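Take a look at the structure set out below.
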Amino acid sequence: MKTESEMLSAFAPTGVLRASINLGNPILANTDPATGQPGGVSVDLATELARRLDVKLELVVFKSAGESVNAVAAEQADVGFFAIDPLRGEQIAFTAPYVVIEGTYLVREDSPIKSRDEVDSKGQRVVVGKGSAYDLYLTRELKQAEIFRAPTSPAVVDTFLQENMEVAAGVKQQLEADARRLGGLRLLDGHFMLIRQAMGVPKRRGDKASAYLSAFVEAMKQSGFVADALARHKIQGAAVAPLEAEAKA
């Protein structure tokens, strides 16, 4: 059955569904080394949404979360995949999360910092990915530590080492991979935030588009689509978010 024209004009005003894909978060998307094409959980969700809307899909690919957010906010893309944040929510209507991941800290093996509580103190310099969810969060939460911004999330640990900073902050899986790659590094126990990854549509597209996208995400969680995508892409360190009804119960 064809999707009603009102919904098509809301999601695909150019005739195709333009999905903003952020390669800065490897849990959601990455580049296939064999084909050079983007793939991952967010690409799978975008593909399924386009199929349900019965339109062609165009991937608009970025290296950082900030660029991806800006594209949707400016309506240069029709939907995107982001961590929920109130600042981003000023222009983007978010669904409930489909995946929850941990934001953690990384330090050198010989660092005197032993726990998360010690990070927010004078003299501590924390490297984050510019415009990332944890950049926005830590900018609000850290009162004494200084924040330095790497150009992208995958560049955080290299920047942390090159600039001789005290702490790197980011998605747990990315920091674990960097620690294995480089050696001499350790993650602090626990997390400083739970990053709730959701889909989003420009608020100017209206309430019906927002409601449709929210229902789509709930269906993808309930059907097992998200869980299957995480397993297919061998993603660890991420969990399917609870259904919205269960989260509110």
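Heavy-atom basis, side chains included; hydrogens, waters and symmetry copies ignored. Computed from a prediction, not measured in an experiment: that's the story for all the values here.
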For the backbone of [Y] and the side chain of [X], can you confirm whether one donor and one acceptor N or O come within less than 3.5 Å of each other?
X      : Y      : value
Arg125 : Asn164 : yes
Gln197 : Val100 : no
Lys203 : Gly89  : yes

Side-chain donor/acceptor pairs under 3.5 Å, residues 226-235, sequence neighbours excluded:
from	atom 1	to	atom 2	distance (Å)
Arg232	NH2	Asp44	OD2	2.7
His233	NE2	Asp44	OD2	2.7

Would you say [X] and [Y] make side-chain contact, with heavy atoms under 4.5 Å?
X      : Y      : value
Ile147 : Thr139 : yes
Ser64  : Lys130 : no
Met7   : Leu53  : yes
Glu102 : Val171 : no
Leu57  : Leu17  : yes
Ile27  : Gln174 : no
Val167 : Met165 : no

Compare every heavy atom of [Y] with every heavy atom of [X], then report the nearest pair and how far apart it is.
X      : Y      : answer
Ala145 : Val126 : CB-CG2, 4.1 Å
Thr159 : Ala150 : OG1-CB, 3.5 Å
Gly190 : Thr104 : O-CG2, 3.3 Å
Gly170 : Leu175 : N-CD1, 3.6 Å
Val156 : Ala169 : CG1-O, 3.7 Å
Pro154 : Gly24  : CD-O, 3.4 Å

Measuring from atom [atom1] of [X] to atom [atom2] of [Y], what distance do you get when rounded to the nearest 0.5 angstrom?
X      : Y      : atom1 : atom2 : value
Leu106 : Leu185 : CG    : CG    : 5.0 Å
Ser115 : Asp189 : OG    : CG    : 9.0 Å
Glu146 : Asp120 : CD    : CG    : 11.5 Å
Tyr212 : Arg52  : OH    : CZ    : 7.0 Å
Arg149 : Asp135 : CZ    : CG    : 4.5 Å

Would [X] and [Y] show up in the same hydrophobic cluster when neighbours are defined by side-chain heavy atoms closer than 4.5 Å?
X      : Y     : result
Leu194 : Val99 : no
Val79  : Ile84 : no
Phe62  : Val69 : no
Phe94  : Tyr98 : no
Val60  : Phe82 : no

Sort and list the pairs that fulfil salt bridge (Lys or Arg N to Asp or Glu O under 4.0 Å) and have at least one residue in residues 60-69, not counting sequence neighbours.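 Listed once each, the pairs would be none.
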May I have all residue pairs that pass salt bridge (Lys or Arg N to Asp or Glu O under 4.0 Å) and include part of residues 71-96, sequence neighbours excluded? Arg18-Asp78, Glu75-Arg204, Glu75-Arg205, Asp78-Arg205, Asp85-Arg140
Which residues share a salt bridge (Lys or Arg N to Asp or Glu O under 4.0 Å) with Arg181, sequence neighbours left out: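 With sequence neighbours excluded, Arg181 shows a salt bridge (Lys or Arg N to Asp or Glu O under 4.0 Å) to Asp158, Asp178, given in chain and number order.
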Pairs under 3.5 angstrom only: tabulate donor-acceptor contacts from the side chains of residues 214-223 to other protein residues two or more places apart or in another chain.
from	atom 1	to	atom 2	distance (Å)
Ser214	OG	Ser210	O	3.1
Glu218	OE1	Glu244	N	2.7
Glu218	OE2	Lys221	NZ	2.9
Lys221	NZ	Pro97	O	2.9
Lys221	NZ	Pro242	O	2.9
Ser223	OG	Ala219	O	3.0
Ser223	OG	Met220	O	3.4
Ser223	OG	Phe225	N	3.3

Applying side-chain contact (heavy atoms from CB on, under 4.5 Å) to Leu213 and Leu49, what does each step give before you reach the verdict? CA-CA 9 Å; Leu213 192 61; Leu49 178 61; 3.8 Å; yes
Non-neighbouring partners of [X] that pass side-chain hydrogen bond (donor to acceptor under 3.5 Å, both in side chains), sequence neighbours left out:
X      : result
Ser42  : none
Gln124 : none
Tyr134 : Ser153

Who pairs with Lys114 by side chain to side chain contact (heavy atoms under 4.5 Å, CB included), at least two apart in sequence or on another chain?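 By the side chain to side chain contact (heavy atoms under 4.5 Å, CB included) rule, Lys114 matches Glu118, Arg186.
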Any chance NZ of Lys143 has more than 12 other-residue heavy atoms, nucleotides or ligands included, within less than 6.0 Å? yes
Under the 4.5 Å side-chain heavy-atom rule for ILVMFWY, direct or indirect, which residues accompany Leu136?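 Hydrophobic cluster check, Leu136: joined to Leu87.
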Examine the side chains of Ser68 and Ser20 and answer whether a donor and an acceptor come within less than 3.5 Å of each other.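 On atom types as modelled, these side chains qualify, holding a pair under 3.5 Å.
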Quick test of your reading: applying ring-ring contact (aromatic ring centres under 6.0 Å, His included), list the pairs with at least one residue in residues 142-194, sequence neighbours left out, ordered by first then second residue. Tyr105-Phe192
side-chain contact (heavy atoms from CB on, under 4.5 Å) evaluation trace for Leu161 with Arg108: CA-CA 9 Å; Leu161 292 172; Arg108 290 174 178 77; 3.8 Å; yes
Considering only distance and modelled atom types, tabulate donor-acceptor pairs under 3.5 Å from the side chains of residues 32-41, sequence neighbours left out.
from	atom 1	to	atom 2	distance (Å)
Asp32	OD1	Ala34	N	2.7
Asp32	OD1	Thr35	N	3.3
Thr35	OG1	Gln37	N	3.1

Full working for side-chain contact (heavy atoms from CB on, under 4.5 Å) between Leu28 and Asn22: CA-CA 8 Å; Leu28 302 183; Asn22 166 30; 5.8 Å; no
